[in-house]
Protein chains: 2
Amino acid sequence: MSVKIKFDLNAGLYIKDPQDSILGRKIIQFSVEMIHAIGFESFNFKKLAAEINSTEASIYRYFENKHLLLLYLVNWYWEWIIYLIQFNTVNVVDAKEKLKIVVHSLVFATTENLMVEFINVNKLHKIVVFEGTKAYHTVEVDKENSIGLFKSYKDLTAMIASIITSVNPEFKYPSTLASNLYEMSNNQLYFANYLPKLTDIHLKTNQETEVEKMLNYFLNKLLN
Amino acid sequence: MSVKIKFDLNAGLYIKDPQDSILGRKIIQFSVEMIHAIGFESFNFKKLAAEINSTEASIYRYFENKHLLLLYLVNWYWEWIIYLIQFNTVNVVDAKEKLKIVVHSLVFATTENLMVEFINVNKLHKIVVFEGTKAYHTVEVDKENSIGLFKSYKDLTAMIASIITSVNPEFKYPSTLASNLYEMSNNQLYFANYLPKLTDIHLKTNQETEVEKMLNYFLNKLLN
DNA sequence: TTTTAATGATAGCAATACTATTATATTAAA
DNA sequence: TTTAATATAATAGTATTGCTATCATTAAAA
């Protein structure tokens, strides 16, 4: 199945909504491809423009700079995970079951039943694992936070935290556990691939399944 | 008390050992000050050179580029934490007690009895909290890892993991928990300061004490 | 005292991150 | 259908960054 998904992302992220035009969608689509391929540091608007047969100036009409483009993508990703969790927890009542679905969504960031037209979610997930934290580790945090550019991350955290609380109302740090679950999932996937000494996941295949198992092991100890 | 500390950092981090000359030490000292003040992104060798009345070219004789300078600082930090843990666990036999010292060292990154001459450890800690992960989230990870540029992080993780295992030999993921303890400590301090919705730590003062308490709470649930 | 090593001074170059201007399509409103 | 508005392309240009090269000067070692 394929659905047309359009998230309402904070307007401060862009100058012109890229979801509303062909060029805009091409910018999103190929920035995902390109950042995935060469990394955020060596990615720039000139290269992107060449790739999509457009110009630097045209891209600047959509995004103020490449940092905000990354932040846009990461916000899209956060919204995507929220959507995934909602989608997969429909009709699920048991809180423990819900939490397992959260973990699954964070680790796999995809479902077989759901596809997106112009964003390669798999590659976006890898970008988030690789470069994600750079989007909110910047001197501009306070300013960007004050205009709502991290709202989706907060929403995601709140959503997970409330599930954690319904699994165990006594647990003292639901928000911390929620954000840590997200960060830990990304980190451990990164470590498994690049710095295996920093993790206990050593398989080259089925890493996601192993990380999923591990996170559930942690959650079990923490919440029971 | 003040001790002259010289860590043996991997020679691949620098061109000329900055610990061995006045200029070298000034580079280290003022890069800490400057990155702390303006952030890593806007920091560059030209500005640093102006600050220490030297030249760009001279700094390039010590470090290939600013990324490797950051990685040098972060490696120094990792070694510092290892040193701190060793220092503070001398004569401590109880594993649980040791683990508490680990947490304390990670969160505070300092002791009153110990000072370093030319590095402001407090500011370095803040740099690590703010920019630390950028040092190992780069397209060059594999290459840099293969020549040992992340060795200190691995050593630190191994050290903590072994303490975790002696607290509870049944615990399945000691390395993961070790690296996550480090990452979580930094993350939660960052969130408490800049994105408080992502954590349960809300105090502006005594954040460290709160984070310490929180990490011990987590560890307690995980290992008992 | 001569040689070597470290630093400083200066210059320059290619790439990056933008901005500005004008031209040309495309679309929408009158 | 014409006109007006809007989106994109083409081109140019500027300030900054990241880095290299060269040569002069100073300080330290042999």
Side-chain angles (χ1 to χ4, degrees), chain A residues 6 11-31 34-35 37-73 118 131 134-135 138-140 143-144, chain B residues 6 11-31 34-35 37-73 118 131 134-135 138-140 143-144:
Chain A
K6 197 199 162 186
L13 291 165
Y14 48 79
I15 297 168
K16 238 177 75 175
D17 194 335
Q19 290 178 114
D20 287 346
S21 71
I22 296 165
L23 182 61
R25 286 188 292 269
K26 264 173 112 182
I27 290 171
I28 299 304
Q29 181 183 350
F30 285 90
S31 63
M34 219 169 182
I35 296 172
I38 66 175
F40 182 65
E41 257 59 60
S42 24
F43 165 83
N44 65 44
F45 283 1
K46 200 172 194 173
K47 289 178 190 169
L48 177 60
E51 187 73 21
I52 62 179
N53 294 311
S54 181
T55 63
E56 233 181 320
S58 298
I59 298 172
Y60 273 104
R61 281 194 196 95
Y62 285 86
F63 291 100
E64 222 173 296
N65 52 53
K66 75 170 181 169
H67 164 247
L68 283 168
L69 172 51
L70 177 66
L71 191 49
Y72 179 96
L73 295 177
F118 65 93
E131 329 265 10
K134 294 173 189 171
T138 143
V139 271
E140 312 270 85
K143 210 189 98 203
E144 293 181 347
Chain B
K6 198 198 161 186
L13 291 165
Y14 49 79
I15 297 168
K16 240 178 72 175
D17 193 336
Q19 290 178 114
D20 286 346
S21 71
I22 296 164
L23 181 63
R25 286 189 293 269
K26 265 172 110 182
I27 291 172
I28 299 305
Q29 181 184 348
F30 285 90
S31 63
M34 216 165 183
I35 296 173
I38 66 174
F40 182 65
E41 256 61 61
S42 22
F43 164 84
N44 66 43
F45 283 2
K46 201 173 193 173
K47 289 178 189 169
L48 177 59
E51 187 72 21
I52 61 178
N53 294 311
S54 180
T55 63
E56 230 182 319
S58 297
I59 298 172
Y60 272 104
R61 283 192 192 98
Y62 284 86
F63 291 100
E64 222 173 296
N65 52 52
K66 73 170 184 171
H67 164 248
L68 284 168
L69 171 52
L70 177 66
L71 191 50
Y72 179 95
L73 294 177
F118 66 93
E131 329 267 10
K134 294 173 190 170
T138 145
V139 271
E140 311 271 83
K143 209 189 100 205
E144 293 182 347

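Throughout, protein chains are lettered first and strands after them, A, B, ... in sequence-line order, and every chain is numbered starting at 1.
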Atom pair distance, as rounded to whole Å: CZ in A/Phe40 and P in C/dT16: 13 Å

With no hydrogens and no angle check, do the side chains of B/Ser31 and B/Tyr72 hold a donor and an acceptor under 3.5 Å apart? no

Between C1' on C/dA15 and CD on A/Glu56, what's the gap in Å once rounded to a whole number? 11 Å

Starting at atom CZ of A/Arg25, determine the distance to atom P of D/dT8, rounded to an integer number of angstrom. 10 Å

In the structure I gave you, are the side-chain heavy atoms of B/Ile35 and B/Leu73 within less than 4.5 Å of one another anywhere? yes

Length of the line joining B/Asn44:CG and D/dT17:P, which is rounded to integer Å: 5 Å

Could you check whether the side chain of B/Glu64 and the base of D/dC19 have a donor-acceptor pair of N or O atoms closer than 3.5 Å, going by distance alone? no

Candidate nucleotides D/dT11, C/dT7, D/dC19, ranked by approach to the side chain of B/Arg61 - the nearest: C/dT7

Per B/Tyr62 side chain, nearest of listed nucleotides D/dA10, D/dC19, C/dA6: C/dA6

Remember a base hit wins even if backbone is also touched, and classify B/Asn53 as base, sugar-phosphate or nothing at under 4.0 Å, heavy atoms. sugar-phosphate

Considering only heavy side-chain atoms of B/Asn65, the closest of D/dC19, D/dT11, C/dG8 is D/dC19

I want to check a possible cation-pi pair here: A/Lys66 against A/Phe43, using under 6.0 Å from ring centre and within 45° of the ring axis as the test. no

Less than 4.0 angstrom between a side-chain N/O of B/Lys47 and OP1 or OP2 of D/dT16, yes or no? no

Picking from D/dT11, C/dA6, C/dT16, the nucleotide nearest the side-chain atoms of A/Thr55 would be D/dT11

D/dA9 phosphate, OP1 or OP2: any side-chain N/O from A/Ser54 under 4.0 angstrom? yes

Any side-chain N or O of B/Ser21 under 4.0 Å from OP1/OP2 of C/dT7? yes

Ignoring the backbone of A/Ala57, work out which of D/dT8, C/dT7, D/dA10 is nearest its side chain. D/dA10

Is there a donor-acceptor contact under 3.5 Å from the side chain of B/Lys47 to the main chain of B/Ser42? yes

Side-chain N or O of B/Lys66 versus OP1/OP2 of D/dG18: is the shortest distance under 4.0 Å? yes

Grab the CG-C1' distance between A/Asp17 and D/dA7 for me, whole Å please. 15 Å

In whole angstrom, give the distance that lies between atom CG of B/Leu23 and atom P of C/dA9. 12 Å

Considering just the side-chain nitrogens and oxygens of A/Lys16, establish if one lies under 4.0 Å of OP1 or OP2 belonging to D/dT6. no

Closer than 3.5 angstrom, by distance alone: can the side chain of A/Gln19 be matched with the main-chain N or O of A/Lys6 as a donor-acceptor pair? no

Whole-Å distance, B/Ile15 CD1 to C/dA6 P, equals 13 Å

Check the distance between D/dA7's P and A/Lys26's NZ and give it to me in whole angstrom. 17 Å

